[in-house]
Protein chains: 2
Amino acid sequence: MKYLKKLRNSGLRPTKQRLQICEVLFDTEKTFHFTINDLVKKINKQSNNKISLATVYNTVHAFEKKGYLKQIPINSSQTYFDTNISDHHHFYDLKEEKLIDLDNSDIGPINILKKISGKKIKSVEVLVKLED
Amino acid sequence: MKYLKKLRNSGLRPTKQRLQICEVLFDTEKTFHFTINDLVKKINKQSNNKISLATVYNTVHAFEKKGYLKQIPINSSQTYFDTNISDHHHFYDLKEEKLIDLDNSDIGPINILKKISGKKIKSVEVLVKLED
DNA sequence: TTGTACTTTATAATGATTCTAAAAAGGAGT
DNA sequence: ACTCCTTTTTAGAATCATTATAAAGTACAA
């Protein structure tokens, strides 16, 4: 089992549900963006074992906390997640309502000049909205 | 009336409610960030005329559409708005759950190298998350 | 195998936002 | 001011993503 160790190492018991979700999320050529709703559809398409909605929420949040997923800051009624956890940014196509990755190399270096005392920068996220 | 013309010019009837909301939002020295909930509290503090929640939602969205307010892309259960409509960015203090403005001058120039054919850039928004 | 802590699950609860449709108010023309 | 028509407000219901609950199931160390 490919993800057994990964889960154990992060202190998450490798349950059937978590392993199946790992496959759907990480057994792909390319990384992708998804909502919980998208993910549930993918799970149901992949096999007949339905996983409870609550478990999908729990698992996604557990994975995010462990750093296996990133939340994408965007104003939408649903929360978007990204299986691409590298340091990168996003285009958001307003018409199609779709996210597109924007690699760090596709953007000039970002230099935050202002400092807030007592605080350090955890992440810098750029959202570029696109229109026709 | 200070905001009568502003509203008329944008094709919004200057109702009592809209004028009052204008005062709360725009009659301030400094710009600020708020949620609908924050705004309702401010309105109720300022006067005894309660404005219906639905009207607050309608008005804020109308103002946003006219460009008098900006939505701030951030993952939160509530939507954040900004009365500062100039081109700028935000710090988000994860611990305090508070937004701090980051002027364009506080950040190096951002140069998006990747182009998406048929689309043009509408906005570039940077969110800098802060931790202790 | 047994005990215990962790997980899953169905379902209920929550809470922000949107919808509805009836009443109220703005505004142009008279 | 009066009328008419459109826009706006409103209370309450509806929606919908997400979180909470608590009972049943499972992993795993001893």
Side-chain angles (χ1 to χ4, degrees), chain A residues 1 3-25 33-44 47-66 68-69 71-81 97, chain B residues 1 3-25 33-44 47-66 68-69 71-81 97:
Chain A
M1 275 301 179
Y3 299 107
L4 245 164
K5 213 182 291 177
K6 178 174 182 157
L7 291 172
R8 280 235 179 78
N9 287 343
S10 38
L12 297 170
R13 285 188 180 169
T15 64
K16 212 171 10 153
Q17 292 84 350
R18 283 174 179 162
L19 288 167
Q20 191 188 339
I21 293 175
C22 275
E23 282 178 26
V24 173
L25 291 178
H33 311 118
F34 66 94
T35 64
I36 296 290
N37 197 37
D38 295 337
L39 182 53
V40 168
K41 279 191 204 143
K42 280 201 172 183
I43 291 167
N44 292 340
S47 87
N48 291 319
N49 326 329
K50 309 269 179 255
I51 297 177
S52 149
L53 183 59
T55 300
V56 178
Y57 273 98
N58 288 341
T59 303
V60 165
H61 285 135
F63 285 4
E64 195 220 347
K65 196 165 291 175
K66 295 299 179 185
Y68 302 149
L69 291 173
Q71 248 190 277
I72 303 171
I74 188 178
N75 282 115
S76 168
S77 58
Q78 292 171 81
T79 303
Y80 274 83
F81 294 89
E97 296 187 326
Chain B
M1 275 302 176
Y3 299 106
L4 245 163
K5 211 181 292 176
K6 178 175 182 154
L7 290 173
R8 281 235 178 75
N9 287 343
S10 37
L12 297 171
R13 286 187 180 170
T15 64
K16 212 169 8 141
Q17 291 85 348
R18 283 174 179 162
L19 289 166
Q20 192 188 338
I21 292 174
C22 275
E23 282 178 24
V24 173
L25 290 179
H33 310 118
F34 66 95
T35 64
I36 296 290
N37 197 38
D38 295 337
L39 182 54
V40 168
K41 279 192 204 145
K42 280 202 170 181
I43 291 165
N44 293 340
S47 89
N48 291 321
N49 326 330
K50 310 269 180 255
I51 298 177
S52 148
L53 183 59
T55 299
V56 177
Y57 273 98
N58 288 341
T59 303
V60 165
H61 285 136
F63 286 4
E64 196 220 345
K65 197 166 289 177
K66 295 297 179 186
Y68 302 149
L69 291 174
Q71 249 189 278
I72 304 171
I74 189 179
N75 282 113
S76 167
S77 59
Q78 290 171 83
T79 303
Y80 275 83
F81 294 90
E97 295 187 327

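Just the heavy atoms: all of them, side chains too, but no hydrogens, waters or symmetry mates, feed the values below. Here the structure is a predicted model, which is why all the values come from computation and not from measurement.
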Geometric cation-pi criterion B:K42 and B:F34, 6.0 Å radius, 45° cone: no

Global bending angle along the helix from C:dT1-D:dA30 to C:dT30-D:dA1, which compares the axes of five pairs at either end, to 10 degrees: 30°

Under the side chain to side chain contact (heavy atoms under 4.5 Å, CB included) test, residues paired with B:Y57 that sit two or more places apart: B:I36, B:L53, B:H61

First and last nucleotide of DNA chain C, 5' to 3', lying under 4.0 Å from heavy atoms of chain B: C:dA16 to C:dG27

B/S/- contact track for nucleotides 15-30 of chain D, protein heavy atom under 4.0 Å: --SBBB------BS--

Spacing of A:T59 atom OG1 and A:Y68 atom OH [to the nearest 0.5 Å]: 13.0 Å

Residues that B:Y80 engages under side chain to side chain donor-acceptor pair (under 3.5 Å), provided they are two or more places apart: none

Sequence-distant partners of A:N37, side chain to side chain contact (heavy atoms under 4.5 Å, CB included), two or more places apart: A:T35, A:K41, A:Q78

Which residues share a side chain to side chain contact (heavy atoms under 4.5 Å, CB included) with A:T15, sequence neighbours left out: A:R13, A:Q17, A:R18

Pairing residues for B:S47 by the side chain to side chain donor-acceptor pair (under 3.5 Å) criterion, not counting sequence neighbours: B:Q20

Partner set under side chain to side chain donor-acceptor pair (under 3.5 Å) for A:S52, not counting sequence neighbours: none

B:K65: partners by side chain to side chain contact (heavy atoms under 4.5 Å, CB included), with sequence neighbours left out: none

Heavy-atom neighbours of B:K50 NZ exceed 12 at 6.0 Å: yes

